[in-house]
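Below: the structure, in C-alpha cells.
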Amino acid sequence: QVQLVESGGGLVQAGGSLRLSCAASGRTFSNYAMGWFRQAPGKEREFVAGISWSGGSTYYADSVKGRFTISRDNAKNTVYLQMNSLKPEDTAVYYCAASNFIATMPEDFGSWGQGTQVTVSS
C-alpha cells in the first residue's frame, strides 16, 4: 500500500513544458512499478507512461513518446513526468498510480493519486 500525491500541473501554452511530480508515502515505494495516466472530460482514462521498480524499464504511449519522460527517485519516494512540446490535446487531469508490476491497464494499478490538472492553450 502506498499513498500518492501529484503536483506540478498548471496552464501552459502549446510548445511549453511542465514537470509533474508524484510524492509517495510508505516504506515500500521502491517495490512498486509506477505509472502516469491522464483523463480528459468525456474520455477514458488512458495510459501515458510507466516505469519499473528500479527505473531501468520505461514504456510510453505512442501519443507522448519522444515528448514525455518518466523517471523516479526512490530515495525521495517520488516519480516524475517531464512533459515537453506540449499540445492542446495533452490537456487532461494527470494521475500517478502504483502497481505490483509494470503495466499499462488502469485495473492493474492499486493505488492512485488525486490528480493534477494540465491545461495546454493553443
Side-chain angles (χ1 to χ4, degrees):
Q1 184 176 359
V2 62
Q3 293 74 50
L4 308 171
V5 179
E6 303 96 333
S7 62
L11 174 64
V12 298
Q13 63 184 28
S17 297
L18 282 174
R19 191 191 196 198
L20 305 184
S21 297
C22 176
S25 62
R27 293 170 52 194
T28 59
F29 173 73
S30 63
N31 296 132
Y32 293 90
M34 301 293 296
W36 285 96
F37 291 78
R38 66 188 182 187
Q39 187 167 23
K43 305 284 285 187
E44 297 290 324
R45 187 167 297 189
E46 67 172 341
F47 171 80
V48 176
I51 189 166
S52 64
W53 304 265
S54 67
S57 297
T58 58
Y59 192 80
Y60 298 92
D62 288 342
S63 59
V64 306
K65 188 176 182 180
R67 300 188 298 120
F68 291 10
T69 303
I70 188 172
S71 62
R72 68 190 298 163
D73 185 341
N74 288 346
K76 294 182 176 180
N77 285 357
T78 302
V79 63
Y80 305 96
L81 186 68
Q82 178 67 48
M83 305 185 295
N84 298 326
S85 301
L86 283 163
K87 305 174 181 179
E89 50 262 46
D90 295 319
T91 295
V93 176
Y94 283 70
Y95 300 88
C96 66
S99 66
N100 292 325
F101 47 85
I102 193 163
T104 61
M105 302 297 290
E107 57 264 38
D108 291 327
F109 291 79
S111 298
W112 294 83
Q114 84 289 350
T116 185
Q117 177 71 48
V118 172
T119 303
V120 184
S121 62
S122 60

Exercise. Looking only at heavy atoms, which two atoms of Cys96 and Val79 are closest? And how far apart?
Worked result: CB-CG1, 4.5 Å

Problem set entry | Atom pair CD (Gln39) and CD (Glu44), whose distance is rounded to the nearest 0.5 Å | 7.0 Å

Problem set entry | Minimum-distance pair of heavy atoms, taken over all atoms of Val2 and Ala24 | CG2-CB, 3.7 Å

Problem set entry | Nearest atoms (heavy-atom pairs only) where Ser52 meets Gly56 | OG-N, 3.3 Å

Exercise. Would a 4.5 Å heavy-atom cut-off, applied to side chains only, mark Asn100 and Tyr32 as touching?
Worked result: yes

Problem set entry | Enclosure of Glu89 CD (heavy-atom neighbours >12, cutoff 6.0 Å) | yes

For this session: Answer yes if the ring centres of Tyr95 and Phe109 are under 6.0 angstrom apart, and no otherwise.
Result: no

Exercise. If two hydrophobic side chains count as joined below 4.5 Å and joins carry through other members, does Trp112 share a cluster with Ile70?
Worked result: no

For this session: Indicate the ring-plane relationship of Phe47 and Phe37, choosing parallel, tilted or perpendicular according to the 30° and 60° boundaries.
Result: perpendicular

Exercise. Do Tyr80 and Trp36 share a hydrophobic cluster (ILVMFWY, side-chain heavy atoms under 4.5 Å, transitive)?
Worked result: no

Problem set entry | Residues which pass salt bridge (charged side-chain N to carboxylate O under 4.0 Å, His left out) with Arg45, listed by chain and number, not counting sequence neighbours | none

For this session: Check Ala14 against Ser122 and note the closest heavy-atom contact, atom names and distance.
Result: CB-CA, 4.4 Å

Exercise. Just how far is it from atom OH of Tyr59 to atom CD1 of Ile102, taken to the nearest 0.5 Å?
Worked result: 9.5 Å

For this session: Tell me whether Leu86 is reachable from Tyr60 by hopping between hydrophobic residues (I, L, V, M, F, W, Y) whose side-chain heavy atoms are closer than 4.5 Å.
Result: yes

Problem set entry | Rounded distance [0.5 Å steps], CZ in Phe68 versus CG in Leu20 | 8.0 Å

Exercise. Do Asp90 and Arg67 touch side chain to side chain, with heavy atoms closer than 4.5 Å?
Worked result: yes

For this session: Measure the spacing between OG of Ser111 and CG of Leu4 and express it to the nearest 0.5 Å.
Result: 6.0 Å

Seminar exercise, completed: Across all chains, not counting sequence neighbours, the salt bridge (charged side-chain N to carboxylate O under 4.0 Å, His left out) partners of Arg72 are none

Exercise. Going by heavy atoms in the side chains, are Tyr94 and Glu6 under 4.5 Å from each other?
Worked result: no

For this session: Side-chain contact test, heavy atoms from C-beta onward, threshold under 4.5 Å: evaluate it for Gln117 versus Leu11 and give yes or no.
Result: no

Seminar exercise, completed: Rounded to the nearest 0.5 angstrom, the CD1-OG distance for Ile51 and Ser99 is 11.5 Å

Exercise. What is the distance from atom CE of Met34 to atom CG of Leu81, rounded to the nearest 0.5 Å?
Worked result: 11.5 Å

Exercise. Can you tell if the side chain of Arg38 reaches within under 4.5 Å of the side chain of Ser63, non-hydrogen atoms only?
Worked result: yes

Problem set entry | Minimum-distance pair of heavy atoms, taken over all atoms of Asp108 and Ala103 | CB-CB, 3.7 Å

